[in-house]
Participant: 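Before I ask anything, here is the structure I am working with.
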Amino acid sequence: MMTFGEKQKNIWLLMMRTVMVGALLIISLISICSEPGVHPDEFDVRACMDWGMTHWIWPDMRTRGIGLGDTYSYYGYTKVCNYSPYFLVMGKVAYVFARFMDVLPYYRMPNLLLGIGLAIAVIRRVRTRPYVMLAFGICVQAWYVFSYVTADAMDFVLAFVSIMLLADRGSVLWKTIDGECLSPRRITLNCVLLGLTYGLMLLGKYYYYANMVLTFVVLVEHLVRTEPGRKRSVFGRYLIILGVCLCVWLARFGLDVRYYGTNKAEVKMQMAEEYASPDKKPSTPPEDQDVTWHMASKGYSIADFFEINDRWLIQSFRSFAGSRITNSGDGIYYWMMLILYLFIYAVLGTYAWREGHRIAFLTVTALNVGGIIASVLNSYLIDSQPQGRYLLPILLSTSFLGSRSRKLWDNIFFRGAVALAACLAVIYFGLVDVRKLIDLGYVRGLLAGICFFG
């Protein structure tokens with residue numbers, strides 16, 4: 001017969017799995033039923049996905065005649081030329097869907113599949129590893145990136161995998177580092193696969209480097225605490241992983257050297273001059289450019305930045321806790337989420353500190369604060385974009401802290417706070433954000449098109 005505590009845990013588990021199913025249904029609905037262009041930068045990113053459907057290697061950004069010009073945004077840059085292989089890989093998945101989806105948005109299907117896979121992984125792991133809810137269960141923006149075309153989806157999945165490997169002492173990472181029963185061939189193979197994973201992360205968005213830094217700190221701490229007789233063996237495995245990781249990055253870097261030599265910055269300026277909108281062209285006088293474009297180079301101070309963008313912090317948080325940047329309305333939801341997030345983090349931090357996980361707490365806190373500062377600097381130095389997706393690595397680092405506080409998950413109040421945050425997020429996502437992202441007139445036209453082509 002189950003005890004009262006076991007019943008509570010089972011109820012919590014059912015709620016969390018229901019939240020994940022609800023989030024999955026909502027992102028599926030948005031992915032299929034929202035009209036083209038309603039999501040951030042989706043017109044040029046869709047063109048990037050189309051380009052990736054039929055190409056296998058990153059192009060020289062000066063290439064003509066293969067549709068590359070269609071992929072340029074009004075910033076004067078094409079995301080196809082980013083280091084990430086996202087469009088080259090996911091473009092092939094989109095190609096398969098495009099063969100039998102005449103009307104539906106085939107270009108969003110790769111990210112939807114990633115979201116489905118991640119949700120299933122969370123549903124399967126949440127019983128024994130409840131901290132996964134901190135990574136993917138309490139934030140709308142984490143779900144939203146899987147409902148449209150953005151390379152953030154792939155970067156988030158890779159970072160999620162890396163943090164789960166780090167958090168779970170029974171994972172391939174720890175078995176490879178500490179395992180004595182594995183054959184040398186198996187250890188080498190595992191190290192290569194881990195190196196490839198971290199190498200792909202290294203090619204991704206810079207703000208996910210925070211999760212790599214966390215991995216580095218934890219592994220260095222582990223090496224320091226390893227008994228002297230095994231340090232050399234552990235360090236050797238570290239070197240294989242690091243070597244493969246750097247080889248992945250160097251291979252991509254070498255391709256740029258082949259294309260541009262040492263003149264990549266000049267080539268980017270040339271292409272920006274050709275494709276950027278008038279208020280962002282390098283040749284446009286600073287006084288005629290968008291005031292939020294490269295503010296630092298125009299002599300604005302960081303204080304000026306916050307004066308001109310006086311709602312930047314509010315918009316960033318609202319984009320993080322919701323799917324869109326909003327200036328007004330729905331304030332009570334955001335206040336509740338802010339209070340819950342701060343409560344959850346404060347309790348995690350207090351518990352980690354008392355239990356001796358001080359290095360983990362200080363590292364995670366420094367990385368989270370650094371992530372916010374980096375987002376501010378990105379807006380100040382380049383373009384004012386209070387994007388919540390830039391803050392998603394905070395969820396992943398915090399979930400690692402949750403993995404070091406396993407006894408805390410027996411606390412009914414802590415579980416209740418996580419459950420409330422998860423439930424509020426999915427309810428808001430389903431009842432409020434869907435209305436902002438889906439136009440019923442477009443849906444009716446979509447259904448008519450399906451019936452016609454069917």
Side-chain angles (χ1 to χ4, degrees), residues 23-24 27-59 61 63 66-73 77-121 136 141-162 193 196-208 211 248-249 251-252 255 323 387 389-390 392-393 396:
L24 187 57
I27 64 172
S28 299
L29 182 65
I30 293 173
S31 181
I32 294 171
C33 297
S34 59
E35 59 185 308
V38 73
H39 306 286
D41 306 321
E42 194 170 40
F43 282 126
D44 62 274
V45 184
R46 175 184 176 179
C48 291
M49 185 67 80
D50 289 342
W51 190 92
M53 288 167 59
T54 55
H55 295 84
W56 295 89
I57 193 169
W58 293 272
M61 64 180 75
T63 303
I66 59 172
L68 192 62
D70 297 333
T71 67
Y72 276 83
S73 69
Y77 186 71
T78 170
K79 295 180 177 67
V80 166
C81 292
N82 287 343
Y83 270 30
S84 172
Y86 171 77
F87 295 107
L88 297 175
V89 175
M90 294 303 165
K92 307 308 178 292
V93 180
Y95 178 85
V96 174
F97 279 95
R99 297 307 91 192
F100 59 86
M101 294 179 75
D102 297 314
V103 179
L104 297 176
Y106 62 89
Y107 45 90
R108 294 177 185 151
M109 295 303 103
N111 279 4
L112 180 58
L113 288 180
L114 288 176
I116 292 172
L118 202 55
I120 292 174
F136 193 58
Q141 185 64 215
W143 302 327
Y144 176 54
V145 296
F146 293 96
S147 64
Y148 68 104
V149 187
T150 173
D152 286 78
M154 181 176 177
D155 292 335
F156 186 89
V157 169
L158 288 170
F160 178 91
V161 169
S162 74
L193 292 176
L196 288 173
T197 300
Y198 296 128
L200 289 174
M201 285 184 67
L202 201 59
L203 298 182
K205 300 289 180 67
Y206 295 143
Y207 37 94
Y208 285 99
N211 302 131
V248 172
W249 185 86
R252 178 64 185 90
L255 187 62
S323 65
Q387 296 280 3
R389 56 194 168 96
Y390 297 165
L392 290 180
L396 300 168

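Excluded from the calculations below are hydrogen atoms, water molecules and symmetry mates; all remaining heavy atoms, backbone and side chain alike, are included. Since we're looking at a predicted model, the values are computed, not measured.
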Participant: Look only at the side chain of Ser162 and the backbone of Ala159, and say whether a donor-acceptor pair between them is shorter than 3.5 Å.
Facilitator: yes

Participant: If you count the non-hydrogen atoms of other residues, nucleotides and ligands that lie under 6.0 Å from OH in Tyr95, is the total more than 12?
Facilitator: no

Participant: Which is it for Tyr106 and Asp50 under the side chain to side chain donor-acceptor pair (under 3.5 Å) test, yes or no, and what are the steps along the way?
Facilitator: CA-CA 10 Å; Tyr106 62 89; Asp50 289 342; 2.7 Å; yes

Participant: Does the side chain of Val80 reach to within under 4.5 Å of the side chain of His55, using non-hydrogen atoms?
Facilitator: no

Participant: Does Thr197 use its side chain to pair, donor to acceptor, with the backbone of Leu193 at less than 3.5 Å?
Facilitator: yes

Participant: Do Trp56 and Leu88 touch side chain to side chain, with heavy atoms closer than 4.5 Å?
Facilitator: no

Participant: Looking at side-chain heavy atoms only, is the closest gap between Met90 and Val149 below 4.5 Å?
Facilitator: no

Participant: What verdict does the side chain to side chain contact (heavy atoms under 4.5 Å, CB included) test give for Phe146 and Val157, after you've listed the backbone C-alpha separation in whole Å, the side-chain angles of each residue and the deciding distance to 0.1 Å?
Facilitator: CA-CA 10 Å; Phe146 293 96; Val157 169; 3.7 Å; yes

Participant: Quick check against the 3.5 Å criterion: does Asp155 have a side-chain atom that pairs as donor or acceptor with the backbone of Gly204?
Facilitator: no

Participant: Mind checking the CZ-OH spacing from Phe156 to Tyr208? Nearest 0.5 Å is all I need.
Facilitator: 6.0 Å

Participant: Would you say Tyr144 and Asp152 are linked by a side-chain donor-acceptor pair, where the criterion is simply a distance under 3.5 Å?
Facilitator: no

Participant: Give, for atom NE2 of His39 and atom CD1 of Ile30, the distance between the pair rounded to the nearest 0.5 Å.
Facilitator: 7.0 Å

Participant: Report the distance from atom CD of Gln141 to atom CD of Gln387, rounding to the nearest 0.5 Å.
Facilitator: 7.0 Å

Participant: If you compare all heavy atoms of Ile32 against all heavy atoms of Pro105, which two are closest, and at what distance to 0.1 Å?
Facilitator: O-CD, 3.6 Å

Participant: Run Lys79 and Asp41 through side chain to side chain contact (heavy atoms under 4.5 Å, CB included) and show every step you take.
Facilitator: CA-CA 11 Å; Lys79 295 180 177 67; Asp41 306 321; 4.2 Å; yes

Participant: Please test Leu113 against Phe97 for side chain to side chain contact (heavy atoms under 4.5 Å, CB included), starting from the C-alpha separation and ending with a verdict.
Facilitator: CA-CA 11 Å; Leu113 288 180; Phe97 279 95; 3.7 Å; yes

